[in-house]
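Read the structure below first, then the notes.
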Amino acid sequence: MRLVLLGPPGAGKGTQSARLVEKLGIPQLSTGDMLRAAVAAGSPIGLRAKALMDAGQLVPDEIVIGIIEQRIDEPDCANGFILDGFPRTVAQAEALGELLARKGMNLDAVVELVVDETALVDRMRKRVAETLAAGKPVRADDNPESFKTRLDAYRAQTAPVSRHYAQRGELKQVDGMMAIDEVTTAINESIGQ
Ligand code: ADP
């Protein structure tokens with residue numbers, strides 16, 4: 001199954017992706033995780049991406065499209081994958097459609113986690129507190145200023161991606177404000193699992 005999970009930062013995409021990985025036995029492809037790995041490794045892509053990511057801005061489309069194009073050719077993606085954090089612009093959604101079409105593939109579902117924006121800043125603060133309590137490093141973009149920029153980027157660049165899939169009749173919306181297990185159940189139902 002080839003799935004896209006959409007939703008603003010803090011919507012719960014990472015949590016729900018991890019559950020889908022368990023249930024479906026397909027990998028989660030998080031462009032955020034892949035870019036953070038590139039930054040940590042100091043690769044050329046990481047060097048280009050770091051300042052933009054820290055500020056909460058999107059990295060250029062061609063970088064993430066290139067990363068995803070290579071990643072979905074890996075053998076563990078043969079039975080499908082869960083895209084988390086990609087596509088994040090309409091240009092990325094179009095590029096994804098084209099590259100899947102070239103491989104004779106299509107998406108099985110696009111699921112959007114719909115959340116009340118006022119809850120997102122609180123979720124980010126909670127995540128920071130939990131990360132610190134666990135003695136782990138906090139993401140450089142998990143601070144109020146960058147988080148605001150991430151929400152702005154979401155509204156301006158990623159909300160149109162939902163409309164792109166809605167216009168094609170491919171979008172399924174799930175209430176992301178429910179308890180975690182209830183969101184999981186709703187996602188599973190929406191994808192017929
Ligand atoms: P979140 O969804 O919580 O904001 P992610 O881990 O998905 O976090 O992304 C972190 C950052 O990585 C983004 O703010 C952006 O700078 C970059 N990024 C991730 N995915 C993409 C993408 N598809 N296009 C452009 N930039 C991206």
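As the structure lists them, so they are numbered: ligands from 1, and atoms in each ligand from 1.
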Which of the ligand 1 atoms, numbered from 1, are nearer than 4.0 Å to a heavy atom of [X]:
X	answer
K13	2 (O)
R36	6 (O), 10 (C)
L35	12 (O), 17 (C), 18 (N), 19 (C), 27 (C)
Q57	15 (C), 16 (O)
G32	5 (P), 6 (O), 9 (O), 19 (C), 20 (N)

With nothing but distance in play, are any N or O atoms of G85 less than 3.5 Å from an N or O of ligand 1?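 Right, the criterion is met.
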
Can [X] and [Y] be counted as an ion pair, charged N to O under 4.0 angstrom?
X	Y	value
D116	R123	no
K148	D152	yes
R102	E98	no
D76	R71	yes

Heavy-atom contacts under 4.0 Å between R139 and ligand 1: side chain, backbone, both, or neither? side chain

Does V64 approach ligand 1 within less than 4.0 angstrom via side chain, backbone, both or neither, non-hydrogen atoms only?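 Contact part for V64 vs ligand 1: side chain (C-beta onward).
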
Which protein non-hydrogen atom lies closest to [atom], naming both residue and atom, and how far is it?
atom	result
atom 20 (N) of ligand 1	T31 OG1, 2.7 Å
atom 26 (N) of ligand 1	V59 N, 3.1 Å
atom 3 (O) of ligand 1	R150 NH2, 2.9 Å

More than 12 heavy atoms of other groups within 6.0 Å of N79 CG: no

Should the heavy atoms of other residues, nucleotides or ligands under 6.0 Å from CG of L47 be counted, would the total exceed 12?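 Counting other residues, nucleotides and ligands, CG of L47 exceeds 12 neighbours.
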
Say you draw a straight line from CD1 of I63 to CD of Q92; how long is it, rounded to the nearest 0.5 Å?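 With rounding to 0.5 Å, CD1 (I63) is 10.5 Å from CD (Q92).
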
On a heavy-atom basis, I'd like to know which of R127, K50, R88 is closest to atom 1 (P) of ligand 1. R88

Nearest to atom 24 (N) of ligand 1 by heavy atom, Q92, Q157, M53: which?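 Checking each option, the heavy atom nearest atom 24 (N) of ligand 1 is found in Q92.
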
Under a 4.5 Å side-chain heavy-atom rule over Ile, Leu, Val, Met, Phe, Trp and Tyr, are L99 and M34 clustered together? yes

Hey, are the side chains of D73 and K103 touching, using non-hydrogen atoms and a 4.5 Å cut-off? yes

